[in-house]
Amino acid sequence: SEQGIDRQTTLGGGIGRYLKNTNRARISVLGGFAWQRSNYNESSASAAQNVAAAMIGAEVKVFKFKKTNLNITATLFPAISEPGRYFFLTNESYYIKLFSNLSWNLSFYGNWDNRPPAGLSGSDYGSSTGLSWTFGNR
């Protein structure tokens, strides 16, 4: 909402590789191409934008079964149809089981555009935290 985006659709494809894939960690990288359509809200002067871009991504997952896990993803989209423009997205989350069925989580997201439409912010980011209680057969 900070960037004035009502809906953003990204379609892409590429090829990736696991750099590490064990019972405690998974690290992967990805490269390819994407198409992104951004529909901006009515208050902005810009209509929908279509951008063709390269796609470079990485994901890191570190976990200990039923105890804790950390997940970090980051994707860079250098625009091909608008040279010099890029989009960067990231999501991080951390989960830890405190005791019994009680767990705690913390997450962060970020979305950056180095050339947003006039009058709109080039970044949107935030975080959240929460407690959860799991019950039932698991």
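Judged as a salt bridge (charged side-chain N to carboxylate O under 4.0 Å, His left out), the pairs with a partner in residues 85-110 (not counting sequence neighbours) are, in order, E82-R85, R85-D113.
Every side-chain contact (heavy atoms from CB on, under 4.5 Å) that N71 has, sequence neighbours left out, goes to E59, K61, T73, S93. Residues satisfying the ring-ring contact (aromatic ring centres under 6.0 Å, His included) test with F33, not counting sequence neighbours, are none. S128 is linked by a side-chain contact (heavy atoms from CB on, under 4.5 Å) to S107, counting only residues two or more places apart in sequence or in another chain. Annotation: side-chain hydrogen bond (donor to acceptor under 3.5 Å, both in side chains) contacts of T9 (sequence neighbours excluded): none. For S28, there are no side-chain hydrogen bond (donor to acceptor under 3.5 Å, both in side chains) partners two or more places apart in sequence or in a different chain. Every side-chain contact (heavy atoms from CB on, under 4.5 Å) that L106 has, sequence neighbours left out, goes to W104, T129. Applying the side-chain hydrogen bond (donor to acceptor under 3.5 Å, both in side chains) criterion to T68, with sequence neighbours excluded, gives Y94. Listed by chain and residue number, nothing satisfies the side-chain hydrogen bond (donor to acceptor under 3.5 Å, both in side chains) test with Y109 (two or more places apart in sequence, or in another chain). With sequence neighbours excluded, the residues satisfying side-chain contact (heavy atoms from CB on, under 4.5 Å) with N50 are W35, R37.
Under the 4.5 Å side-chain criterion, counting only non-hydrogen atoms from C-beta, V60 is not in contact with L70. No side-chain heavy atom of R26 sits less than 4.5 Å from a side-chain heavy atom of K20. Side-chain contact between T90 and Y125 is absent, with no heavy-atom pair separated by less than 4.5 Å.
A34 and T10 get closest at one heavy-atom pair: CB-CG2, 4.2 Å. For the residue pair Y86 and P78, the shortest heavy atom distance occurs at CB-CA, 4.0 Å. Here the closest heavy-atom approach between residue S132 and residue S103 is recorded as OG-OG, 2.6 Å. The shortest heavy-atom contact between F108 and G126 is CD1-O, 3.2 Å.
Through chains of ILVMFWY side-chain contacts below 4.5 Å, L89 is grouped with L30, V51, M55, F77, F87. Taking a 4.5 Å side-chain heavy-atom cut-off between Ile, Leu, Val, Met, Phe, Trp and Tyr, the cluster of Y18 contains only that residue.
Within a 6.0 Å radius of CZ in R24, no more than 12 heavy atoms belonging to other residues, nucleotides or ligands are found. Within a 6.0 Å radius of CG in L131, other residues, nucleotides and ligands contribute more than 12 heavy atoms.
Here the CZ-OG distance, from F88 to S123, works out to 12.5 Å after rounding to the nearest 0.5 Å.
Note on I96 and I72: same hydrophobic cluster, where clusters join Ile, Leu, Val, Met, Phe, Trp and Tyr whose side-chain heavy atoms are under 4.5 Å apart, directly or indirectly.
Side-chain atoms of N101 do not come within 3.5 Å of backbone N or O of W133 as any donor-acceptor pair. N69 contributes no side-chain N or O that, together with a main-chain N or O of F63, makes up a donor-acceptor pair within less than 3.5 Å. No donor-acceptor pair closer than 3.5 Å links the side chain of S100 to the backbone N or O of L102.
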